[in-house]
Each structure stands twice: as C-alpha cells, then as structure tokens.
Protein chains: 2
Amino acid sequence: MKFAPSALQTADDSADTGTRQIRDALRDAIVERRLSPGTKLSESDVGNLFNVSRTLVRAALQALSYEGLVSVEKNRGAFVAYPSPEEARQIFAARRLVEPGILREAATRITPSQIWQLRHLLLEEGRLMGERGQTARRAEIKASGDFHLTLAAISGNVIMQRFMDELVARSSLVIALYGQSTISSCGHSEHGNIVAAIERNDLDEACRLMLDHIAHIEADLDLRERRGFNLKEALEL
Amino acid sequence: MKFAPSALQTADDSADTGTRQIRDALRDAIVERRLSPGTKLSESDVGNLFNVSRTLVRAALQALSYEGLVSVEKNRGAFVAYPSPEEARQIFAARRLVEPGILREAATRITPSQIWQLRHLLLEEGRLMGERGQTARRAEIKASGDFHLTLAAISGNVIMQRFMDELVARSSLVIALYGQSTISSCGHSEHGNIVAAIERNDLDEACRLMLDHIAHIEADLDLRERRGFNLKEALEL
DNA sequence: AGGCAACGTTTCGTATACAATCCTTCAGCA
DNA sequence: TGCTGAAGGATTGTATACGAAACGTTGCCT
C-alpha cells in the first residue's frame, strides 16, 4: 500500500505543462482585456495559434470555464465570459464577504519583508498610473489586481488565495464590460491607505478601507441591463 | 422527495452530459467515502466502468482536480485527494471566514418556505442519526453537509454557493481521514440552534453559533502529522 | 420580393491510435 | 546475498480521425 505524496505540495496541480501554458496565456489575455467579452474561442483557431492539437486547447478552455472566465455552450463552442449585471453584483458581494477576512488574517501574519513587497507593488502601480498608452494601462490593471492577490497570498491560506484569483480575474472582466470612468481601475491611493492601516496595526480601519475600496470600484460600474444579454447579438452588430 | 443542493441549477455550466455524469458519480463516491483517499483512479479502469473512452474520464478527473477532490500528478495519474493536516486547517479556516457572511446574507433573504426546507433537512438528519450502519452514516455525513450548502443556496450568491460546494466536499474528505469521534459529523443540535436563531432574527447569535459549530467539527479532528509515506520505518518495526 | 427548406460547411463531441514516461521485474555482477 | 541496471509492461500525454450537431447559404416556392 502506498500513499499519494501529492497532498503536501502546492494546491495548484499544474499537471500538464502544455495545457497550463495555453490556459495562462488565455487568462492573461482575458484579464488584461486584450480579448473582449463574448469573443469566440474556436478550438481549432487557438490550437493553430499555439501549434498544438485541439485536445490541449479543450482542456485549457475547460479549466478557464471552471474559473468563470470563459463560458462553454454545448455544441456551440467557448466564448470569453460575458458576465451579466447580476453576476457582476454577486462577484463584488463575494469580494466584500471574503476580503475583510483575508485582510485580517494577512495582517496578523505579515512580515516586514512582505510589507516591503506590498509597498513595492504600490510604487509600481503609481509609476504605471503616470504613463500613457494601452500597455501601461493594462499593466496598471494587472498591478491593481496583484495588490489584492498578494494580500491573499500573505494570508497563507492557499484555498482563499485560489478563490481570490478567480474573483479578481472575473472583476477585471466586469470592469471591462461595465466600467464607465476612464480613469477606471482601483483608486491607487486607497491601496496605500490600506497598507498604512496595516502597518499601524489598525485592523478595523484597514477592513473599513477595504470595504470602501470595493464599494468604490463597484460604484464606478454601470450595471443597468443592456439588452445585449444575448451575446451573439452584441457581437454581430 | 429528495433535495440535491449540489446539483441544483444553472450555476454549473457543465456542458457535456457524459463528463458530468462521471464527475458527479466520482464526486459522490469520494464524498460519501466509498473511495478512500489515495486510491488511484486509472483512466482506463474508470472508462471501462462507465463504458466510455478515456477522453471523457480525463475531463472528469481534471474537473475534480479543480475542486480539490482529486489530485493528478504528471505522468503518474489521478488519485483521490489525500488532504494534508495543513490543508485541512486551511479548509476550516476558509469556512470560518466565509460561512458567517453567507449566513448573514441568507438570513436576510430567507423565505418561510426556505425555513421549512431547512427544518425538513434537520428532520432527515435526525432520523439518520438514529439509524445504524455504514449507509446511514454516509447519508448522515451528506445530510449534514447539505445543511451548509442549502444555506449558501438561500444566500442567492451563486459564486459563494460554488465555493461552499467545494469546501463542504473537501471537509467530508478531511473528516473521513482525520475524524476520531465515532459519533463524528456535525453535532446535529447545533444546526437546529442556528435555524432557531435565524427564525428569531438574531443574526449575531446565529453567526456565533455557526463559528462554534465549525470549531467543534475541527476540534474532533486529529490533525497530527502522520508520516505514513515513510513506509520503510513502518515495516522495520 | 420575402420566407422557408434543404444542403453544404464548419465546429464540436467522442473514440481511437501513437508516442513518451514511469514502474516493475529480472538478470548480472560484486 | 544485496545492489545496480536494463528490458518489458503498463499508464499517461498528445494527436488525429470520424460522427453529430449547428450555422450559413442557396435555391425554390408562394
């Protein structure tokens, strides 16, 4: 009798490197908004693009569907997810529900080097905010999400970390769809305030700031029902 | 009549019925402990069992791996997950983090018919507790999980619902592995107390009860590192 | 001219085939 | 006897092939 030694290693299986590569590439493209919601992801096309067979592409798409970034419809194919306003609300409701808890846990476990890491992230974020251009904007989006992800990583809970991965990615999709302010993305200063509160060890204030922060992001959305609920129509206009 | 909170509605896309069937069958078998942690799930064997090709089995195993119920190792195959003590701790930490929030949300949205549904679940749970035998025990574990899942369903947040699906399933695995008390499973009365608190509209008390409840489950575990995989030592005794 | 139906094309769903990797076993040697 | 190493078998990784469903188009009928 032998035991599976897998249990102790990282939660992310990352079984086949081929699939993982495609999955990560597609996810990055979606999160950074290079792929618009509703875009069809044909298995053959993606396969040709990566010079692999449909098998691996299919696995990657299935994985992304599990993360809520693509939606696969039986006998119709896979599309970049097109979250409904209701879905968007639920995503942010979930974030309001979990992020304060993650923040509390992270704050109690944080080390000086990790605080430095957070500050470094903020610096990078601020630098990108100053720049112009699509690339800088994308990098800014990513950095802004990385702040929340790093907090989850610091909390030390792999499960919550994975969950936040999903929530942040889907948030990006929602912002891409419904965000109205051109400045968009998280208010940079709010991140800084949260770090400051953590350093002061003022957890209640940090949580309050986090909730405000999430509320601000959501407040920037225009979540009215667009008749484009049928994504096919929206695309073919 | 039977409630199947895990299989309720549209939240899970799960396009292909073939894969879905295998996935659900395997998941039930794992959660109900008919498949022991560490058991190898050979693609060919499972495929023959279901009379389908490896392709579908592979997809199902991959899906289960995303839920944390199966761990796939490159070039080695898939095994029923064998959660480490650390993983177990993180699972319950995550539940402590999210369940109070879910409970609060559910309590504000709950309808009389849903309260009836919860009470029905409690009755069933109590009935199973009285019975003897492995089957009753398994059904009891399942029913006890269904309580938490139903609460998540009532909260109306599909995302949190899916997350709780995963957490409850993995908890079952952990309890199966590390639970020591023969009575095991959730204290039944605690579920009843929570429902009562909800009916009184005493949310703070309900949350407190929920946290206690989770703590009690975790307290029943023996999470000491058992190094089973150094089998040489075990044999040389 | 417009709508409907049948056909062809494209894409997905599933099975099967081949290649790569790992585990087991058995032979050879110190 | 105990260890090393290579061959064989078994299992997974990936690609390809074939059947089925859906979409677009064309042509006919009203």
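Every chain is numbered from 1, with letters handed out A, B, ... down the list of sequences.
Under the ring-ring contact (aromatic ring centres under 6.0 Å, His included) criterion, F92(A) pairs with no residue, sequence neighbours left out. Under the side-chain hydrogen bond (donor to acceptor under 3.5 Å, both in side chains) criterion, T55(A) pairs with S53(A), sequence neighbours left out. Every residue meeting the salt bridge (charged side-chain N to carboxylate O under 4.0 Å, His left out) condition with E43(B), not counting sequence neighbours, appears here in chain and number order: R54(B), R58(B). Every residue meeting the ring-ring contact (aromatic ring centres under 6.0 Å, His included) condition with H120(A), not counting sequence neighbours, appears here in chain and number order: W116(A). A search for side-chain contact (heavy atoms from CB on, under 4.5 Å) contacts involving E86(B) returns S84(B), R89(B), Q90(B), not counting sequence neighbours.
Close to dT16(C), at under 4.0 Å from its OP1 or OP2, lies no side-chain N or O of R54(B). Distances shorter than 4.0 Å separate some side-chain N or O of R76(B) from OP1 or OP2 on dC23(C).
Summarising the geometry, the separation between CG on N75(A) and C1' on dA21(D) is reported as 5 Å, rounded to the nearest angstrom. The distance from atom CZ of F79(A) to atom P of dA22(D) is 13 Å, rounded to the nearest whole Å. For E73(B) and dC22(C), the CD to C1' distance is 12 Å, given to the nearest whole Å. In this structure, NZ of K74(A) is placed 11 Å from C1' of dT14(C), rounded to the nearest angstrom. Between the CG atom of L61(A) and the P atom of dT11(C) there is a distance of 14 Å, given to the nearest Å. One atom, CZ of R58(B), and another, P of dA15(D), lie 11 Å apart when rounded to the nearest Å.
The nucleotide whose nearest atom lies closest to any side-chain atom of L56(A) is, among dT12(D), dA22(D), dA15(D), dA15(D).
Taken residue by residue, residues 40-52 of chain B places heavy atoms nearer than 4.0 Å to DNA chain C at V52(B).
Figure legend: cation-pi geometry between R95(B) and F163(B) absent, as NZ or CZ is not positioned both under 6.0 Å from the six-membered ring centre and within 45° of its axis.
Closest-nucleotide positions on DNA chain C for A78(A) and T55(A) were compared, and the one nearer the 5' end corresponds to A78(A).
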